[in-house]
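Report on the following structure.
Just so we're clear, the structure is a prediction, and the values are computed from it rather than from any experiment. Residue numbers start from 1 in every chain, and the chains themselves are labelled A, B, ... in the order their sequence lines are given, proteins ahead of strands. Side chains are part of it too, since the values below use all heavy atoms of this structure and drop only hydrogens, waters and symmetry mates.
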Amino acid sequence: MVQQMEKNYNPKDSEQKTYSFWEEGGYFTPEVDEKKKPFTIMMPPPNANGALHAGHALFATLQDIMTRYHRMKGDSSLWLPGADHAGFETQVVFDKKLEKEGRRRHEIPKEELLKEMMDFTLSNKATMESQLRRLGASCDWSRAKFTLDKDIIDTVYSTFEKLEKDGLIYKGSRLINWCVKHQTSLSDLEIKYEERTDPLYYIKYGPFKLATVRPETKFGDTAIAVNPKDERYKKYVGQDVEVETVLGKARIKVIEDESVDMDFGTGAVKVTPAHDFADYETWQRHKDEIPGPKIVIDRYGRMNEMAGPYAGMKIGEAREKIVADMIKKGLLDEKEIEHNYKHNVAVCFKCGSVIEPALMDNQWFVKMTEKPKSGGLSLRDLAVKAVKEENIKFIPERFEKIFLQWMENLRDWNISRQIPWGIPIPGDKKQVFDTWFSSGQWPFAALKGAKKGDFEYFYPTTVMETGADIIFFWVARMVMLGIYVTGQAPFKYVYLHGLVRDKDKQKMSKSKGNVVDPLGVVELHGADALRMALVFANSPGADIAFSEEKITAQRRFANKIWNAARFVLSATEKTEPNKNPQARTQADKDILETLEKIAKEMAKDIDNFQFHEAAQKIYQFFWHTFCDVYIEESKKQMAREQGNTEQILLYVLRESLKLLHPFMPFITEEIYQMLPNKEAKALIIEKWPCRKD
RNA sequence: GGACGGUUAGCUCAGUUGGUUAGAGCGCCGUGCUUACACCGCGGAGGCCGCAGGUCCGAAUCCUGCACCGUCCACCA
C-alpha cells in the first residue's frame, strides 16, 4: 500500500474515482429517519444557461462543508440539487446565441423555438451537474429537481390559484418597466440607474414655463401640476389654460399636488401619466379632475399616431426634430436650454437600453402589502414578522436590516413577462411567469416533488446559503411565498456570501477577460485545493479576491497531508499494536490534547458559520502542530523505542482526516482508505471527532 | 438623498461577547537536500491596527466626529 504512494500528491488520478465510490455507495442519499435530526440545504439551482463560474464553486464548497459536517455528526443530511430554467436570463443568453448565428427569435415558430431552448437548457444542465461532481458536491442526485419539472409547475400553479383566491393577484393595465430591446416588462429589481448628462429644456406652455428632458412626451400630457403652497401659480389652479404646442393650440388643466418641488425648474411640471411613474401616480390621485393616460410612444420605442408629423420616428430622432420645431415657433428659447443637466436614467440590467415606462394591458401583479381574503398578514408582513421574531436569522447579521428596509417600501410585483421561455401563465397564451415567481417557491416546491415524505421531514430547511446579490430577487420572495403557502418560514438561517472577484478585486466578467474557470483550476490543482482556497481566510458576506497564489498554497497543503500520511503509514507498517500502551510522553499528551481542543473549536466554528476559522485551525494544527512538531518528535521517540508513538501517529492522522474532510473531501477519503485503523467503510460517513458539543 | 460595509505586516486577508509580547498565507532575508514532503525544514526582518477625540484599570475590538474606498436602496420633471 505505502509503496504505491507517489512522492507527490496527484489529485487528477483519484478524484473522479473517489466521487463515484461515494455516489455508488449511496452516501449522499439520506433516509427519512425520525430518530435522527434532519439537516437540509436546498441548493440554489444554478441557471442552466452556461457553465459553472467561480461563484458556483464558492457556494458548492460552503454548502458541501455544511452537508459533510452534519452527515458526520449523524444528522440525516440532505443537500438537494437542482437547476433553474432561469426565464429571462436564459432568454437573453439564447437570443445572443441566435444573433451570432444570424437568426432572430421572432422568425422561428414558437414550438420549434421552445424545443430548441429546452435542448439548450438540458444540455447545459447536464454539463453543470458533472461539474458539480468534479467539485466534490455531496448532494443527493437521486432527488435532483428542475424548475420545469411537471410537479414543480403544478405547485407553482396551485400557489398562483391560492393567491388569486385570496385576492392577491390582479391583472390589469398598469405602468410597467418596458425593455425595448428585449420586448418584455421587467420587475423593479431588473432595472438599474445610470447617470446621464442631457439637456434640460425650458418649454413655453401657455402662461407657464416647464422644465423637461423629454419634450417628445409632451403629446401625452394630461395636466400641469404645481405645489399647493406655490403663490406664483395660485390663480391658474383648477382652470383649463390655453397652451400652444408644435401641434397647435390645446387646453390643459392645472392641478395642485404635494409632490411638486417648488424649487426645481420653474416649479410647474407637466403630467404625462402614460410615460412616467411619478406622473402616473399623480394621475391616480387626481383621477376625477384630469383625463387618463395618453400613450404616444409604442412598444418599439417609436412615436405613435398621436405625435402627428413625428409618428414613426424613434424617440431620439423625434426629440431633436421637436426641439428644432419648438425653437422655430418660439416655444423654446435656445438660451434657456441647460445643457449639462445630470440625472439618472433607468436602464435594463442586462442590455443597458433605456427603460420606457409603458402602459400595458394584461399585466399580472402580486399585491405585496394587502391582506389576503382568507385572513392573516400581507405577504410583506409575513416576511417582516418572521425576520423580526427571529424565525429566520441572517449571517452576517447586518443583512437583516438591509432585508427589512427593502421590505418597507415594496411596490406590487409584476410577475408577467412577454418572452417565450418560462412557465406559461394559466389562461394567458402570450405571457410567462417571472422566473423568480417559480424559484421563489423552490424550498417547498422541490421537497414536495422529490420523494414521498420528504417535505414533512426536511421542511423547513436548515440553511439557505446564497449570494448576497440576490437577497431581494430570491431570498425575500422565498420567505414571503414559503410562509404564505406552508405557514412556515422556508429556512432557519440565511447565510450570504460575497462576490468572487479577481486578484485585483475586479468583478469577473467575460468582457474583461478575467474570469476564472473553476473547472480549469480543478484540472490543474485539484478540487480540494480550490475549495480550501475559497474558504480560507474569507469571512461571511465579504467579497473574495481570488488568486492563483491562494490555490497553489492550498495545493501545497494537500501535498503536505499526502506526505504526512506517507510517513505515518510507512513508519507504522511493521509495528505491533499496543507495543507499550501505558507509556505516554509529554509530546504524546500534548498532541492528543490539542487535537481534542481543535475538534471542539472547529465544531463551534462550523455551527456558527465561521468556516474560515475552522479551515485555518485545521491547517495550522495539521501542518505546524502535527507535522512540524509531533512527527519530528515521533522520529526520536521511535528511535528510542519510547512510548506508543506509532498508535498515536495513526490515531491523530485518522482524526485529522475527519476534521479535514468537509473541506478537502477527496484527498482525505483517499488516504483514509489506506489506513489500517479505519472504523467505517468510508470517511464520508465517519463520526465527527468532537464527542460533546 | 438614505442605509450599510471596508480602512490591521510589501500583497491578500483573519482577529465571535474589550484582557497578558496583534496572527496567517504569499512575498522578502539568512540557512539546511536531517531516510514523509525542496509543493520542505529551521531561524529572521517587517505593523503609532485610516485620522481626531471619548468611555474604561485596560480598546484593533465600545461611543462620537472626520477622511478615503466600496456596495446597496430610492430617484423629482
Side-chain angles (χ1 to χ4, degrees), chain A residues 2 5-9 188-189 191-193 195 200-203 210-215 217 221 224-225 257 259-272 276-279 281-282 341 343-346 396-406 408-409 411 468-469 471-472 498-499 501 503-505 507 525 529 532-533 536-571 601 604-605 608-610 612-613 615-617 619-620 623-624 627-628 631-632 634-636 649:
Chain A
V2 179
M5 283 182 89
E6 299 280 339
K7 192 170 164 186
N8 288 325
Y9 175 58
D188 291 339
L189 281 172
I191 57 174
K192 56 180 186 178
Y193 291 87
E195 191 175 83
L200 182 66
Y201 306 98
Y202 286 81
I203 300 169
L210 307 179
T212 182
V213 262
R214 302 199 61 184
T217 62
D221 293 356
I224 293 167
D257 198 272
S259 70
V260 179
D261 180 352
M262 287 162 60
D263 300 325
F264 186 90
T266 58
V269 60
K270 66 199 202 67
V271 180
T272 320
D276 185 282
F277 281 98
D279 292 1
E281 279 167 24
T282 305
Y341 176 64
H343 65 140
N344 288 324
V345 175
E397 271 180 22
R398 63 188 156 88
F399 284 108
E400 177 178 321
K401 196 172 173 186
I402 294 173
F403 182 91
L404 289 174
Q405 266 175 6
W406 186 73
E408 290 304 320
N409 352 282
R411 287 203 290 187
D469 53 330
I471 182 169
F472 306 134
L499 234 51
R501 296 167 176 273
K503 63 175 171 28
D504 302 316
K505 298 224 77 177
K507 235 180 188 170
H525 303 287
M532 197 63 170
F536 205 77
N538 172 250
S539 55
D543 287 355
I544 298 175
F546 198 52
S547 65
E548 194 75 15
E549 287 84 60
K550 288 183 179 177
I551 301 160
T552 48
Q554 296 305 330
R555 195 194 56 196
R556 285 177 196 161
F557 181 47
N559 197 52
K560 189 75 183 177
I561 297 169
W562 183 258
N563 275 289
R566 204 157 74 98
F567 172 78
V568 170
L569 289 173
S570 71
E601 286 180 9
K604 197 178 152 201
D605 288 334
N608 292 330
F609 305 96
Q610 305 295 311
H612 61 298
E613 285 284 324
Q616 288 185 48
K617 276 172 192 161
Y619 180 97
Q620 214 52 227
W623 197 316
H624 301 299
C627 294
D628 292 348
I631 288 187
E632 289 312 313
S634 79
K635 289 174 186 170
K636 294 178 202 157
L649 282 172

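Within the nucleic acid shown, A/Q616 comes within 4.0 Å of sugar-phosphate atoms alone, with no base atom in reach, counting heavy atoms only. Using a 4.0 Å heavy-atom criterion, one finds that A/I631 contacts the bases of the nucleic acid, with or without backbone contacts as well. Across all strands shown, A/A564 has heavy atoms under 4.0 Å from base atoms, whether or not it also approaches the sugar-phosphate. Residue A/N8 is in base contact, counting any heavy-atom pair closer than 4.0 Å across all strands shown. Nucleic acid contact class of A/F472 (heavy atoms, under 4.0 Å, all strands): sugar-phosphate only. In this structure, A/H624 reaches the sugar-phosphate backbone alone: every heavy-atom distance under 4.0 Å involves primed, P, OP1 or OP2 atoms, never a base. Within the 4.0 angstrom heavy-atom criterion, no nucleotide atom of any strand lies near A/K270. At the heavy-atom level, A/E613 lies under 4.0 Å from base atoms of the strands shown. When heavy atoms are screened at a 4.0 angstrom cut-off, A/Y202 is found touching no nucleic acid atom at all. A/K635 comes within 4.0 angstrom of a nucleotide base, judged by non-hydrogen atoms across all strands. Within 4.0 Å (heavy atoms only), A/V260 reaches at least one base atom of the nucleic acid. Across all strands shown, A/D628 has heavy atoms under 4.0 Å from sugar-phosphate atoms exclusively, and none from any base. Residue contacts shown for A/Y619 are limited to sugar-phosphate atoms, with no base heavy atom under 4.0 Å away.
To the nearest whole angstrom, the two P atoms, one in B/C51 and one in B/U7, are 12 Å apart. Here, B/U17 and B/G30 have their P atoms 40 Å apart, quoted to the whole Å. Between the P atoms of B/C72 and B/U64, the separation comes to 26 Å (whole Å). When the C1' atom is compared between B/U21 and B/A60, the two are found 16 Å apart, to the nearest whole Å. Nucleotides B/U55 and B/G65, compared at atom C1', are 15 Å apart to the nearest Å. B/G58 sits 15 Å from B/A22 when the C1' atoms are compared, rounded to a whole Å. Comparing B/C48 with B/U12, their C1' atoms are spaced 23 Å from each other, to the whole Å. Only the C1' atoms considered, B/U34 is 9 Å distant from B/G41, to the nearest whole Å.
Taking a pair to require two hydrogen-bonding distances under 3.5 Å in either a Watson-Crick or a G-U wobble arrangement, B/C57 pairs with B/G19. As the counterpart of B/U7, B/A67 is assigned, both hydrogen-bonding distances of the Watson-Crick or G-U wobble pattern falling under 3.5 Å. When both distances must be under 3.5 Å, the Watson-Crick or G-U wobble mate of B/G43 is B/C29. Base pairing of B/A14 is not made with any nucleotide, judged by Watson-Crick or G-U wobble geometry with both donor-acceptor distances under 3.5 Å. B/G1 is paired with B/C73 under the criterion used here, namely a Watson-Crick or G-U wobble arrangement in which both key atom distances are under 3.5 Å.
The backbone N or O of A/A278 lies less than 3.5 Å from a partner atom in the side chain of A/D276, making a donor-acceptor pair.
Of the candidate nucleotides B/A14, B/C39, B/A3, B/A3 has the atom nearest to the side chain of A/Q405. Across B/A36, B/C40, B/G25, the shortest atom-to-atom separation from the side chain of A/R556 is found for B/C40.
In this structure, A/W623 and A/F557 have parallel ring planes: the angle between them is below the 30° cut-off, well short of the 60° mark.
In the displayed structure, A/K635 atom NZ is contacted under 6.0 Å by more than 12 heavy atoms of other residues, nucleotides or ligands.
For the pair A/K550 and B/U12, the criterion of a side-chain N or O lying under 4.0 Å from OP1 or OP2 is not met. The phosphate of B/C72 (OP1 or OP2) has no side-chain N or O of A/K192 nearer than 4.0 angstrom. Dashed line: the shortest gap from a side-chain N or O of A/K505 to OP1 or OP2 of B/G6 is not under 4.0 Å.
Using modelled atom types, one finds a donor on one side chain and an acceptor on the other under 3.5 Å when comparing A/N563 with A/R566.
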